[in-house]
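Small disclaimer: the values here were computed from a predicted structure and weren't measured. In what follows, chains carry the letters A, B, and so on, assigned in the order in which the sequence lines appear, proteins first and then strands, with residues in each chain numbered from 1.
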Number of protein chains: 2
Amino acid sequence: MDSIVSAQTFYAGEFRHAIDEKNRITIPSRWRRKNTEEFILLPDSQNQFLLVMSPEEFARMSAAAESNASIAARERRIFLRQLHSRAQHGLADKQGRLVLPEELCRKIGLKGEVALVGGRGRFEIWNVTRWKRADEEETPTYQHVANVIGL
Amino acid sequence: MDSIVSAQTFYAGEFRHAIDEKNRITIPSRWRRKNTEEFILLPDSQNQFLLVMSPEEFARMSAAAESNASIAARERRIFLRQLHSRAQHGLADKQGRLVLPEELCRKIGLKGEVALVGGRGRFEIWNVTRWKRADEEETPTYQHVANVIGL
DNA sequence: CAGTGGTGGTTAAGAGTGGGACGAAGTGGA
DNA sequence: TCCACTTCGTCCCACTCTTAACCACCACTG
């Protein structure tokens, strides 16, 4: 279990970056691994934000869904089909900028300044105003769990 | 000495150090391990102080939240997202100084003299005046528990 | 009085951003 | 089918601002 955790890329922190007219967004330098990196772009189910992860992480995620015995086979099949149809490839250019498909930006409302929110194995891209609300709403939960684990 | 418990660093003592105009703070030499060290910076939920720990300790902490059965799945998910978005990478320079993001300093009110407070696996950075108040408030409890465990 | 620890400034490298150049791919007409 | 034209995508360069590495200094302390 410890080995799996350390194998996963960890994206720490929250950044505010700009999306230019060509829908390019700079990936925080601390989050970059190689010069040219490939990502999977996956809008969340409510088009609130854009999930970004490595192809390996995406494979891991869909494998987890497949091997989960507590999900009915039919549900699983539907989920996996939706997962794969929603996902898009994204390539970073030599400057470390991710180019987002125009359609995704429009759907999620990514324009001008956006929030990049870290996570384990993946990060999220939010419209700034929407992210601020999400962060504030959920604070009580954070507090509660923090108490439980003694943080 | 690879067991999880003994791997935890213990930071002992309380120090008063200065934060300069570039938001650099010297880590007490007794607390340093290598020349250049990497830390995770995590403001507490009320922005009272700044938690500083090693990436390993952070991973341990988030693993603890994940594996705790007494926390509902939804809460856990929200907590982990916030935990990762709040956490920032911090790198110490060759002089053993930790550079803090400007925004964190402003939020927590770290300026001029600050208090570095040790702990198990992590330490805290406080605004001095706030720390003094927190310390005084909590002294009776310390006394009480000390009596109970026969310290 | 030498060595270590904390502090302050300067400088060079790197990160984020904008815009132009070039080639590939797609489109329409002869 | 071929060619001219447009469009799109990637790369490259330039600029600004931030960041981290480097150097120098002072104050203790053993």
If the condition is salt bridge (Lys or Arg N to Asp or Glu O under 4.0 Å), which residues does A:E113 pass it with, not counting sequence neighbours? none
Do the ring centers of B:F39 and B:F58 come within less than 6.0 Å of each other? no
Base, sugar-phosphate alone, or nothing: which one does B:T26 contact when heavy atoms must sit under 4.0 Å apart? base
Could you walk me through whether B:S45 and A:Q143 pass the side-chain hydrogen bond (donor to acceptor under 3.5 Å, both in side chains) check? CA-CA 6 Å; B:S45 56; A:Q143 180 68 336; 2.4 Å; yes
What are the residues of residues 104-116 of chain B, sorted by number, that bring a heavy atom to within less than 4.0 Å of DNA chain C? none
Report yes if a side-chain nitrogen or oxygen of B:K94 is closer than 4.0 Å to either non-bridging phosphate oxygen (OP1 or OP2) of D:dC22; otherwise report no. yes
Under a 4.5 Å cut-off applied to non-hydrogen side-chain atoms, are B:I108 and B:R130 in contact? yes
Give, ordered by number, those residues of residues 12-20 of chain A having at least one heavy-atom distance below 4.0 Å to an atom of DNA chain C; if nothing qualifies, reply none. A:H17, A:A18, A:D20
In this structure, CG of B:L50 is separated from CD of B:Q88 (nearest 0.5 Å) by 9.0 Å
Taken to the nearest whole Å, CG/A:L91 to C1'/D:dC11 is 13 Å
Taking atom CD1 of B:I125 and atom SG of B:C105, what is their separation to the nearest 0.5 Å? 8.0 Å
B:Q95 atom CD is separated from D:dC23 atom P, nearest whole Å, by 10 Å
Can you confirm whether A:R16 is buried at CZ, in the sense that more than 12 heavy atoms of other residues, nucleotides or ligands lie under 6.0 Å from that atom? yes
Can you measure from CG (B:L104) to CG (B:L110) and round to the nearest 0.5 angstrom? 8.0 Å
Look up atom CD in A:E66 and atom CD1 in A:I71, then write down how far apart they are to the nearest 0.5 Å. 10.5 Å
Start and end of the DNA chain C segment that chain B contacts, any atom under 4.0 Å from a heavy atom: C:dG5 to C:dT10
Assert: residue with more 5' nearest nucleotide on DNA chain D, out of A:R97 and A:R30, is A:R97
Determine to 10° how strongly the helix from C:dC1-D:dG30 to C:dA30-D:dT1 is bent, judged from the axes of its five-pair ends. 30°
Euclidean distance, atom CD of residue A:E102 to atom C1' of D:dC8 [Å, nearest integer]: 12 Å
Take the protein atom CG of A:D93 and the nucleotide atom P of D:dC8, then report the distance between them rounded to whole Å. 18 Å
Once you round it to whole Å, what is the distance between P of D:dA20 and CG of B:N23? 12 Å
Looking across every strand, which nucleic acid part, if any, lies under 4.0 Å from A:I25 by heavy atom: base, sugar-phosphate, or nothing? nothing
Pairwise distance CD1(B:I27) to CD(B:Q95) - rounded to 0.5 angstrom: 12.0 Å
Please enumerate all residues that pass salt bridge (Lys or Arg N to Asp or Glu O under 4.0 Å) together with A:D44, with sequence neighbours excluded. none
Separation of B:R122 CZ from A:L151 CG (nearest 0.5 Å): 5.5 Å
Please determine which of A:W126, A:F15, A:F49 meets the ring pair (Phe, Tyr, Trp, His ring centres under 6.0 Å) test together with A:W131. A:W126
Check: B:H84 ring centre within less than 6.0 Å of B:F79 ring centre: no
